Number of protein chains: 2
Amino acid sequence: MSDLLERLRGRGWRMTAQRRVVAEVLDGDHVHLTADEVHARAVERLPEISRATVYNTLGELVTLGEVLEVSTDRRAKRYDPNAHRPHHHLVCAQCGAIRDVHPTGNPLADLPATERFGFTISDVEVTYRGVCPNCAAA
Amino acid sequence: MSDLLERLRGRGWRMTAQRRVVAEVLDGDHVHLTADEVHARAVERLPEISRATVYNTLGELVTLGEVLEVSTDRRAKRYDPNAHRPHHHLVCAQCGAIRDVHPTGNPLADLPATERFGFTISDVEVTYRGVCPNCAAA
DNA sequence: GCTTGACTTAGACAAAGTCCATTGTAGGAT
DNA sequence: ATCCTACAATGGACTTTGTCTAAGTCAAGC
């Protein structure tokens, strides 16, 4: 993740304690935190960090392409630091757990020209929904 | 759409003016209204209908499988009455226009067992994003 | 070590949606 | 036809998620 900090500095990002903390919180694999969760964890390390800063920083990371926004439920957006490997998501309809998945095939190729209505398509988002083993057992 | 009303009555739905109006508003193809838009149109026909009732009714229609919830942007949920023919969505990243599309292929088959993590998958949602002809021209 | 403009802050604000106590009513029972 | 009652509707308070702004702070270049 320090690569991330390096990359950001290289792009002229002004490095502040707040931004560093947000980037650190997002470290790890299969992490899909809401903005509020990011804020909560950031506060543990930097108690005076404000919500607005967390939102700003997350927004910038998304713009820079370092983090993906995913909206698997209709509550809060989640932030996925695994932005450099394309992937989709598998969501538990009951507990909301999220896993990154890598389907075979290319959904873009599955949309014939007649079904494109003249759109220039740039992106496909696939969300699988189901029940996770934990919830199925309960 | 009166089929819908019939079906609902058959399921023991108590028919009220409010519910009828909400169902009528959702009539039509390629309609993807937000709850607020549904409310606005319902008010035209039944001025005293409340927002809570619209939300409740939409929620019930979703539970009954008569209407689909789609969240193409992260603002409001949209309600899609075309629930009986499986389809996916094509969204303009600029103006937010939504089209129903029918891709070939089956994305469910594209997720190998090793990528299912023990989930029982029940549903796949595919959202294509791009720029519509209108916005491209502007 | 200054300066400056970018960054952060707190809190007000907004949009979307939920909750709840109260009031109303559809539809079966009489 | 009227009455009953469980289910539905109401409206307003509340919650959640996110944005905006004015004022204060600070990283980084000089």
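Labels below follow one simple rule: chain letters A, B, ... track the order of the sequence lines, proteins then strands, and each chain is numbered from 1. In this text the structure is predicted, and so the values were computed from the model without any measurement.
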Q: Please find the earliest and latest nucleotides of DNA chain D, in the 5' to 3' direction, that have an atom within less than 4.0 Å of any heavy atom of chain A.
A: D:dT16 to D:dA28
Q. Is it true that atom CG of B:Asn134 has more than 12 heavy atoms of other residues, nucleotides or ligands lying nearer than 6.0 Å?
A. no
Q: Answer yes or no: is there a side-chain heavy-atom contact under 4.5 Å between A:His89 and A:Arg78?
A: no
**Q.** side-chain contact (heavy atoms from CB on, under 4.5 Å) evaluation trace for B:Val124 with B:Asp110
**A.** CA-CA 11 Å; B:Val124 192; B:Asp110 286 349; over 6 Å; no
Q: Would you indicate whether the side-chain heavy atoms of B:Trp13 and B:Leu61 approach each other to under 4.5 Å?
A: yes
Q) Which sits closer to the 5' end of DNA chain C, B:Arg78 or B:Thr16, going by the nucleotide each is nearest to? A) B:Arg78
Q: Please list, chain by chain and in numerical order, all residues satisfying side-chain hydrogen bond (donor to acceptor under 3.5 Å, both in side chains) with B:Ser71, sequence neighbours excluded.
A: A:Arg74
Q | Span of DNA chain C, from the first to the last nucleotide whose atoms fall under 4.0 Å of chain B heavy atoms | A | C:dA15 to C:dG27
Q.
As a quick check of understanding, evaluate side-chain contact (heavy atoms from CB on, under 4.5 Å) for B:Phe117 and A:Cys132, giving each step before the final call.
A. CA-CA 8 Å; B:Phe117 303 103; A:Cys132 74; over 6 Å; no
Q. Listed by chain and number, what are the side-chain hydrogen bond (donor to acceptor under 3.5 Å, both in side chains) partners of B:Arg129, not counting sequence neighbours?
A. A:Glu125
Q. Are B:Ile98 and B:Val131 connected in the hydrophobic side-chain network, where two residues link if heavy atoms are under 4.5 Å apart?
A. no
**Q.** Sorted by number, the residues of residues 46-53 of chain A with heavy-atom contact under 4.0 Å to DNA chain D
**A.** A:Arg51, A:Ala52
Q: Please determine if A:Arg11 and A:Glu66 form a salt bridge, counting it only when a charged side-chain N lies under 4.0 Å from a carboxylate O.
A: yes
Q | Parallel, tilted or perpendicular: rings of A:His87 and A:His102 (30°, 60°) | A | tilted
Q | Worked check of side-chain contact (heavy atoms from CB on, under 4.5 Å) between A:Val54 and A:Val22 | A | CA-CA 7 Å; A:Val54 170; A:Val22 169; 4.3 Å; yes
**Q.** Angle by which the axis turns from one end of the helix from C:dG1-D:dC30 to C:dT30-D:dA1 to the other, five pairs per end, to 10 degrees
**A.** 30°
Q: Mind running side-chain contact (heavy atoms from CB on, under 4.5 Å) on A:Gln18 and A:Thr57 for me, showing each step along the way?
A: CA-CA 8 Å; A:Gln18 291 84 346; A:Thr57 305; 5.6 Å; no
